[in-house]
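This report concerns only the one structure given below.
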Amino acid sequence: MNVLSYLCKNFKNMSRELSEHEIVRRNSLKELISLGIDPYPAEEYKSNVAIEEILKNFPEDKSLYQDVQISGRIMSRRIMGAASFVEFQDSTSRIQLYFKRDDICPGEDKTLYNTVFKRLLDIGDIIGVKGYVFITQMGEITIHVTEYKILSKALKPLPVVKEKDDKKYDAFTDPEQRYRQRYLDLIVNPSVKKIFEKRSQLMNTMRTFLNEKGYLEVETPILQPLYGGAAARPFKTHHNSLDMTLYLRIANELYLKRLIVGGFDGVYEFSKDFRNEGMDRFHNPEFTQIELYVAYKDYEWMMNLAEEMIEKVAMDLHGTTKVQVGKNIIDFKRPWKRFTMFEAIAHFTGIDISEMDEDQLRETAAKLNVPIDPSMGKGKLIDEIFGECCEAQLIQPTFITDYPVEMSPLAKKHRKVEGLVERFEAVCNGKELCNAFSELNDPIDQRQRFESQLELGKRGDDESMVLDEDFLNALEYGMPPTAGIGIGIDRLSMIMTNSDSIQDVLFFPQMRPQQKANISTDADFKNLGIPEVWIPAIRKAGFNTVEAFRQADANKLMNDLGGLRKKMKLDVPGLKSEDLESWIKG
RNA sequence: GAUUAGCUAGCUCAGUCGGUAGAGCAUUUGACUUUUAAUCAAAGGGUCCCGGGUUCGAAUCCCGGGCUGAUCACCA
C-alpha cells in the first residue's frame with residue numbers, strides 16, 4: 001500500500017514499526033494541528049455534572065441537565081452520515097452522545113463535523129462536550145452535543161468491547177494483558193474499577209473504625225537492618241553510604257511494639273510488607289496488611305474487635321453481612337464460630353493430638369498423609385496437620401485459638417494450658433484472614449523463644465526468626481500487656497470483592513519481566529552503509545539487530561529483500577549482490 | 001520447582017489429512033439525519049511466540065527454548 005509506506009517514511013525516526021492503526025492516528029494528529037486545533041490543550045476543562053448523576057436523575061425530571069458540560073473518553077461510535085452516536089465514558093459511568101452535523105456546524109463550513117469529528121477523532125480520544133440531555137426514540141438517555149473540544153488525542157487503539165443484552169463481545173480478558181496494562185483494563189472493564197473502589201473503601205472503614213477508638217496511625221521503617229515479626233524469607237538490599245545490608249520488612253510487629261513500650265495505648269499501620277517466596281493466586285511478593293497493637297488488652301478482647309471490625313467492613317461494602325464468594329455465601333455476622341486448634345483437628349480428623357509428643361505427632365501426620373520433613377519441630381507438625389486437614393474446610397469465618405508455643409515465638413504463654421500460646425487466627429473461605437496474640441512481654445521468655453528459633457534455623461527451617469537485640473532491650477524496659485493483630489488486606493479484599501486471585505485486587509501485581517526485544521536503531525543500520533529506503537524492508541525480513549543482520553545468509557536475504565521490494569513497493573532499483581555483501585561485511 | 005493447557009491480524013477466536021493463512025469486530029474509502037453489538041458496499045492489514053529438525057512442501061508433525069494461564073508444593 002503506497003500510502004502506508006509513504007506514512008512509514010514520515011515516522012522513520014521511530015525505531016520500531018508502527019501498526020496501521022498507529023500511523024493513521026498519528027496522521028490524524030498532524031491534520032488536526034494543521035487545522036489549528038491543539039490535540040493536547042493545556043487549559044482546564046470544567047465539568048458541571050457527572051454522567052452517573054444524569055442517568056440517575058434525568059428519568060424523574062426531564063427539565064434537568066439542559067446545559068451540561070462534561071469531559072470523557074470516546075468508547076465507540078456509530079456514524080450515519082450527518083448524524084452520529086458516541087458512547088462516552090467519564091470516571092463515573094457511560095452515556096450516549098448525539099452529534100448532528102448542522103448543530104455542530106451551523107454555518108457553511110462543515111469541517112468540525114465532516115473532517116474533525118468523523119475522520120480525525122477515534123475511539124479512545126478524550127473530548128469535552130457541551131449540550132443538553134434528551135431521550136432518543138430508542139428510549140436511551142443521550143446528550144445532544146452542541147459543541148465539543150478535543151482534550152487529548154489517543155495514538156493507540158483501545159480494545160473494543162461490545163455489549164448486547166449483558167453479553168460481552170470481544171471482551172478484554174487476557175489476564176496477562178490486563179495486569180500488565182492495568183490502565184486499559186480499567187478503561188474498558190468498568191467492574192475492575194469497582195473492585196479497587198471497594199478495596200479503598202474497605203481500608204477507609206477500618207481506618208475510621210480504629211481512629212474513632214483513639215488509636216494512632218503510624219509509619220515504621222520498611223528498610224530494616226534486621227527483619228523480624230514473621231516467619232518468612234526477606235528481600236535483601238544494600239545501603240551505599242552506610243555500606244550495610246538492609247532488608248525489606250516482612251512484618252512491622254517489632255517496631256509497633258516498641259511504640260507500645262513508648263507509651264501509646266493503641267497504634268496501627270497499613271503496611272506494605274515484602275516476602276521473598278513463591279507467587280501464585282494468593283501470594284504477591286509485596287502485599288498489604290494492617291497491624292494493630294493495643295495496650296492492656298488480651299487476645300480475647302482482640303477477637304471481639306476483629307469480628308466487629310470485619311463485620312462492619314462487610315456492612316459498609318455490601319449493606320449486609322452476607323457476601324457472595326465463589327459458590328459460597330459467607331456471613332460475617334457476629335459472633336463467629338470458635339475452635340481451639342486441637343478441637344478443630346479433632347473435629348475434622350477424629351484424632352485427639354493434644355497429648356502427643358513429637359514422635360507420635362510424626363506418626364499421626366504420616367497416617368493423615370500430611371507431608372513432613374525432619375526439620376519440623378512439634379509445633380510445626382501440629383500446624384501442618386491443621387493446615388492440611390482443617391483450614392480448607394473452614395468456609396464461614398471461624399476463630400482458631402491456642403497454638404503450639406513453637407510456632408509462635410512472639411505470643412504469650414497460655415494462661416491455663418502448658419505448651420500453648422494465646423494466639424488466634426480467623427480463617428475464612430479456607431484461608432487465613434488474620435493472626436493475633438496476647439503479645440509476649442516477658443523479656444526473658446522472649447529471649448529464650450528467639451533462641452529456640454535459632455535452633456530451628458540450625459535444623460534447616462529457613463523461615464525461623466532471627467534475634468533482635470534492640471527489641472529485647474525495649475521489652476526489658478517494660479511493655480504493658482498488649483493484644484496485637486495482623487489482617488491481610490489483599491486477602492480480605494479478595495473475599496469482599498469475590499475475586500479469586502490476588503492479582504485482581506492489586507493494581508500492579510508483580511509480573512515476570514517481559515522479554516525485551518533488542519532492536520538496533522536506523523542509524524546502526526545506516527552505519528553499515530545501508531540506504532534508508534531499505535531499512536524498513538530489512539526489519540520486515542526479520543532482522544531487528546545489526547548483529548543478526550550480519551550473520552544473515554546472503555543468498556536467502558537477496559531473495560527476501562527482492563520480494564519485499566515488490567511487496568512494499570520500494571521505489572528503488574533492484575538490489576545488487578555486491579551491495580548486499582558489502583552491507584553484511586560492514 | 002513439578003504437572004498440564006495455550007501462544008495465529010489492533011481485539012476475540014477458527015484453521016480439517018502437512019498443500020496459496022481465515023471470520024467477526026476494529027481500521028481505510030463510500031452510502032445513510034434518533035442509532036445502539038447500527039446497517040450496507042469495497043479495500044488494506046500476518047515474524048502463525050522463537051530456534052532447530054523431518055519433508056518436494058510445516059501455523060499444522062518431532063526436539064529444544066521463551067512467555068502466559070491452571071493445578072500442586074512453600075509462604076500471608
Side-chain angles (χ1 to χ4, degrees), chain A residues 1-4 17-25 27-28 76-87 94 96-103 113 119 122-124 134-140 142 144 156-180 184 188 230-233 250-251 273-289 371 373 384 387-388 425 427 431-435 461-463 486-492 494 500-503 511-515 517 539-544 560:
Chain A
M1 182 175 171
N2 275 326
V3 180
L4 262 186
E17 274 192 68
L18 295 171
S19 70
E20 185 192 349
H21 291 80
E22 291 172 297
I23 291 165
V24 166
R25 282 166 183 247
N27 208 42
S28 299
S76 79
R77 301 200 297 169
R78 294 181 286 275
I79 296 176
M80 298 163 302
S84 304
F85 291 90
V86 168
E87 209 162 316
R94 286 187 190 187
Q96 180 170 266
L97 304 180
Y98 176 60
F99 282 75
K100 191 170 162 188
R101 185 184 60 206
D102 298 334
D103 289 352
Y113 181 81
R119 199 155 57 75
D122 293 288
I123 289 172
F134 75 110
I135 291 185
T136 64
Q137 288 176 8
M138 301 299 289
E140 180 155 348
T142 302
H144 188 128
K156 289 191 179 224
L158 226 47
V160 178
V161 182
K162 298 209 167 179
E163 216 171 319
K164 189 185 188 179
D165 303 331
D166 285 336
K167 236 170 115 182
K168 286 201 173 179
Y169 299 82
D170 300 337
F172 185 60
T173 53
D174 176 37
E176 182 186 0
Q177 285 192 54
R178 286 184 47 224
Y179 302 147
R180 284 194 198 278
L184 284 185
V188 304
R233 298 202 299 258
I250 57 172
D273 291 341
F274 305 83
R275 298 189 184 173
N276 206 341
E277 317 254 355
M279 287 164 58
D280 58 34
R281 71 192 173 93
F282 292 103
H283 299 88
N284 195 62
E286 52 184 292
F287 66 103
T288 307
Q289 60 169 336
D373 68 67
E384 286 293 317
E388 202 67 25
E425 289 190 3
V427 179
K431 283 276 163 190
E432 175 189 336
L433 204 61
C434 64
N435 185 13
D461 185 345
D462 55 6
E463 287 159 4
I487 304 173
I489 295 294
D490 312 294
R491 292 278 175 85
L492 186 58
M494 284 168 67
D500 62 2
S501 153
I502 195 170
Q503 296 167 310
M511 305 285 283
R512 276 203 173 73
Q514 260 176 319
Q515 220 176 347
R539 291 192 191 281
K540 194 95 178 165
F543 297 98
N544 283 321
D560 289 353

- Task: May I have the distance from Y179(A) (atom OH) to C67(B) (atom P), rounded to whole angstrom?
- Result: 19 Å
- Item | For H283(A) against I502(A), the heavy-atom pair lying closest together | N-CG2, 4.0 Å
- Picking from G69(B), U34(B), U33(B), the nucleotide nearest the side-chain atoms of K100(A) would be U33(B)
- Message: Say we look at C40(B) and U47(B): how far apart would their C1' atoms be, to the nearest angstrom?
- Response: 36 Å
- Message: Rounding to an integer number of angstrom, what distance separates G69(B) and C49(B) when you compare their C1' atoms?
- Response: 15 Å
- In whole angstrom, give the distance that lies between atom CZ of R233(A) and atom P of C74(B). 12 Å
- Task: Report the base-pairing partner of G69(B) (Watson-Crick or G-U wobble, both distances below 3.5 angstrom), or none.
- Result: U4(B)
- Pairwise P distance, U35(B) and G22(B) [rounded to whole Å]: 37 Å
- Smallest separation among heavy atoms of S84(A) and Y113(A), with atom names: OG-OH, 2.6 Å
- Item | Separation of U27(B) C1' from N27(A) CG (nearest whole Å) | 13 Å
- Least distance between heavy atoms, T136(A) atom then Q96(A) atom: CG2-NE2, 3.7 Å
- Task: Determine the contact category for R281(A): base if any of its heavy atoms lies under 4.0 Å from a base atom, sugar-phosphate if only primed atoms, P, OP1 or OP2 are that close, otherwise nothing.
- Result: sugar-phosphate
- Message: From CZ of R119(A) over to P of U27(B), roughly how many Å is that when rounded to an integer?
- Response: 14 Å
- Classify the side chain of D280(A) versus the base of C74(B) as yes if they form a donor-acceptor pair under 3.5 Å and no if they do not. yes
- Taking the P atom of each, how far is U28(B) from C62(B), in whole Å? 42 Å
- Message: Need the pair for A26(B). Rule: Watson-Crick or G-U wobble, both distances under 3.5 Å, any strand; none if unpaired.
- Response: none
- With rounding to whole Å, what would you report as the distance between A23(B) and A37(B) at their C1' atoms? 16 Å
- Nearest whole angstrom, please: distance from the P of G45(B) to the CD1 of I23(A). 12 Å
- Item | Under 4.0 angstrom between R180(A) side-chain N/O and U68(B) OP1 or OP2 | yes
- When you compare A59(B) with C7(B), how far apart are their P atoms, in angstrom units rounded to a whole number? 15 Å
- Item | Upstream residue (5' side of RNA chain B) when A83(A) and I123(A) are each assigned their closest nucleotide | I123(A)
- Item | E277(A) CD to G1(B) C1', straight-line distance once rounded to whole Å | 14 Å
- Pick one: which of F99(A), Y98(A), F85(A) meets ring-ring contact (aromatic ring centres under 6.0 Å, His included) with H144(A)? Y98(A)
- Is there a donor-acceptor pair closer than 3.5 Å between any side-chain N or O of N435(A) and the backbone N or O of E425(A)? no
- Euclidean distance, atom CG of residue D103(A) to atom P of U33(B) [Å, nearest integer]: 14 Å
- Could you check which nucleotide pairs with C48(B) in any of the strands shown, counting Watson-Crick or G-U wobble with both distances under 3.5 Å? none
- Message: Using a heavy-atom cut-off of 4.0 Å across all strands, would you classify E286(A) as base, sugar-phosphate, or nothing?
- Response: nothing
- Hits for side-chain hydrogen bond (donor to acceptor under 3.5 Å, both in side chains) against E140(A), two or more places apart or cross-chain, chain-then-number order -> none
- Give N435(A) one of three labels, base, sugar-phosphate or nothing, depending on what nucleic acid heavy atoms sit under 4.0 Å from its own. nothing
- Query: Taking atom P in both C13(B) and A9(B), what distance in whole Å separates the two?
  - Reply: 11 Å
- For the residue pair I123(A) and R25(A), what are the closest heavy atoms and their distance? O-NH2, 2.9 Å
- Report the distance from atom CZ of R25(A) to atom P of U27(B), rounded to the nearest whole Å. 8 Å
Show each protein N/O and nucleotides 36-38 of chain B N/O combination with a separation under 3.5 Å, one pair to a line.
{"unit_1": "U36(B)", "atom_1": "O4'", "unit_2": "R78(A)", "atom_2": "NE", "d": "3.3"}
{"unit_1": "U36(B)", "atom_1": "O2", "unit_2": "E140(A)", "atom_2": "OE1", "d": "2.8"}
{"unit_1": "U36(B)", "atom_1": "N3", "unit_2": "E140(A)", "atom_2": "OE1", "d": "2.6"}
{"unit_1": "A37(B)", "atom_1": "OP1", "unit_2": "K164(A)", "atom_2": "NZ", "d": "3.0"}
{"unit_1": "A37(B)", "atom_1": "O4'", "unit_2": "E163(A)", "atom_2": "O", "d": "3.4"}
{"unit_1": "A38(B)", "atom_1": "OP1", "unit_2": "K162(A)", "atom_2": "NZ", "d": "2.5"}
{"unit_1": "A38(B)", "atom_1": "OP2", "unit_2": "R78(A)", "atom_2": "NH1", "d": "2.7"}
{"unit_1": "A38(B)", "atom_1": "N6", "unit_2": "I79(A)", "atom_2": "O", "d": "2.8"}

- Task: Write down the atom of F274(A), the atom of I250(A), and the distance for their closest heavy-atom approach.
- Result: O-CG2, 3.2 Å
- Message: Checking base pairs now: Watson-Crick or wobble, both atom distances under 3.5 Å. What partners C56(B)?
- Response: G19(B)
- Partner of C32(B) by Watson-Crick or G-U wobble geometry, both contacts under 3.5 Å, or none? none
- Nearest-Å distance once atom P is located in both C50(B) and U33(B): 47 Å
- Which atoms form the tightest heavy-atom contact between R77(A) and V86(A), and what is the distance? CG-CG2, 4.1 Å
- Message: Base, sugar-phosphate or nothing for D273(A)? Non-hydrogen atoms, less than 4.0 Å.
- Response: nothing
